[in-house]
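These figures come from a predicted structure and were not determined experimentally.
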Amino acid sequence: QNLEEFRRALRQIATQGRRCKEITHKLLSFARKTDATLKDVQINDLIKEIVDLSAQMARYNKVIIATELQPGLPYVCLAPSEMQQVMLNLINNAIDAMEKTGGTINIGTKISKLEENHIVITVEDDGPGIPEANLNRIFDPFFTTKAVGKGTGLGLSICYGIIEKMGGKIDVTSTVNQGTRFRIWIPIQAAGKDSSEKQ
């Protein structure tokens, strides 16, 4: 009987090992497709594009996306497709969190007062929030609160890696039944060109 139990456990390990291999291959092929070419980007324009892309899905889930984008921000040097990936992930997560109740996502940009020479992007929702026990693990690979088969737990860990690679930072604060706020700090390169709409 013990031998049969042992064989069953081995089969389970082999199955899960294959699953991990498939996930890793998908991740690697996705990473190779991502265009990491650096460009001077006006972050407000990039956010407006992403909001337009997400608008229909948001409406379908009774979610409103509101923006407060500080005009005249300097250009930042980054890979547009990577930044789009981060923003889409944060918006989709917020929409998923509010799918039963609807709500509002507020996206803001401004020159950071906390971090010198950084733009700060805020993505804030008034959804169910994240329990404190989960907050410390939110950026860990494979950590997910979604139902089995609904999420890989890789989205936020990939976002974290992308922002770190840019020399930026990302953090999260949340209160249960009140909402969640992600903040992203992106460095402004001294050599970068300024926006034409200077303040």
* Asked: Same cluster for Leu53 and Ile64 if Ile/Leu/Val/Met/Phe/Trp/Tyr side chains link at under 4.5 Å?
  -> no

* Should the heavy atoms of other residues, nucleotides or ligands under 6.0 Å from CD of Gln16 be counted, would the total exceed 12? -> yes

* Structure fact -> In terms of heavy-atom contacts, Cys159 and Asn89 come closest through SG-CB, 3.6 Å

* Main-chain N/O of Glu124 paired to Asn106 side chain as donor or acceptor, under 3.5 Å -> no

* Asked: What's the spacing between Ile186 CD1 and Ile170 CD1 if we round to 0.5 Å?
  -> 8.5 Å

* Min side-chain heavy-atom separation Leu90-Leu156 under 4.5 Å -> yes

* Structure fact -> Closest heavy-atom pair, Ile91 versus Ile105, reported as atoms and distance to 0.1 Å, is O-CD1, 3.9 Å

* Asked: Do the side chains of Leu38 and Leu46 join up, straight or via other hydrophobic residues, at under 4.5 Å, putting them in one cluster?
  -> no

* Structure fact -> One should read off an interatomic distance between Leu73 CG and Asn44 CG, to the nearest 0.5 angstrom, of 4.5 Å

* **Distance-minimising heavy-atom pair for Ser54 and Ile95** => O-CD1, 4.4 Å

* Structure fact -> Closest heavy-atom pair, Ile111 versus Pro74, reported as atoms and distance to 0.1 Å, is CD1-CD, 3.6 Å

* To do: For the residue pair Ile130 and Arg137, establish whether any side-chain heavy-atom pair is separated by less than 4.5 Å.
  => no

* **salt_bridge(Lys39, Glu82) N-O dist < 4.0 Å** => no

* Could you walk me through whether Asp125 and Val63 pass the side-chain contact (heavy atoms from CB on, under 4.5 Å) check? -> CA-CA 10 Å; Asp125 68 62; Val63 171; over 6 Å; no

* CD1-CE distance between Ile121 and Met87, expressed to the nearest 0.5 angstrom -> 5.5 Å

* Asked: What's the shortest heavy-atom distance between Pro128 and Met98, and which atoms?
  -> CD-CG, 4.4 Å

* Hey, could you give me the CG/OG distance between Asn134 and Ser174, rounded to the nearest 0.5 Å? => 9.5 Å

* **Intermediate values then yes/no, side-chain contact (heavy atoms from CB on, under 4.5 Å), Val120 and Lys169** => CA-CA 9 Å; Val120 61; Lys169 291 196 307 187; over 6 Å; no

* Structure fact -> The reported gap from CD1 in Ile119 to CD in Gln70 (rounded to nearest 0.5 angstrom) is 8.5 Å

* Met166 versus Val76: any side-chain heavy-atom pair under 4.5 Å? -> no

* **Parallel, tilted or perpendicular: ring planes of Phe139 versus Tyr160, cut at 30 and 60 degrees** => tilted

* **For Gln42 against Tyr75, the heavy-atom pair lying closest together** => N-CD2, 3.7 Å

* **Ser81 side chain reached by Thr37 side chain, heavy atoms, under 4.5 Å** => no

* Does the side-chain contact (heavy atoms from CB on, under 4.5 Å) test come out yes or no for Leu114 and Trp185, once each step is laid out? -> CA-CA 9 Å; Leu114 283 177; Trp185 287 271; 3.9 Å; yes

* Asked: Are Val176 and Leu135 linked, directly or through other ILVMFWY residues, by side chains that come within less than 4.5 angstrom of each other?
  -> no

* Side-chain heavy atoms of Val123 within contact of Asn93, under 4.5 Å -> no

* Asked: Does any non-hydrogen side-chain atom of Leu10 lie less than 4.5 Å from one of Phe6?
  -> yes

* Structure fact -> Taken to the nearest 0.5 Å, the spacing of Arg181 CZ from Thr122 OG1 works out to 6.5 Å

* **Evaluation steps, side-chain contact (heavy atoms from CB on, under 4.5 Å), between Gln85 and Ile162** => CA-CA 9 Å; Gln85 190 182 338; Ile162 287 171; 3.7 Å; yes

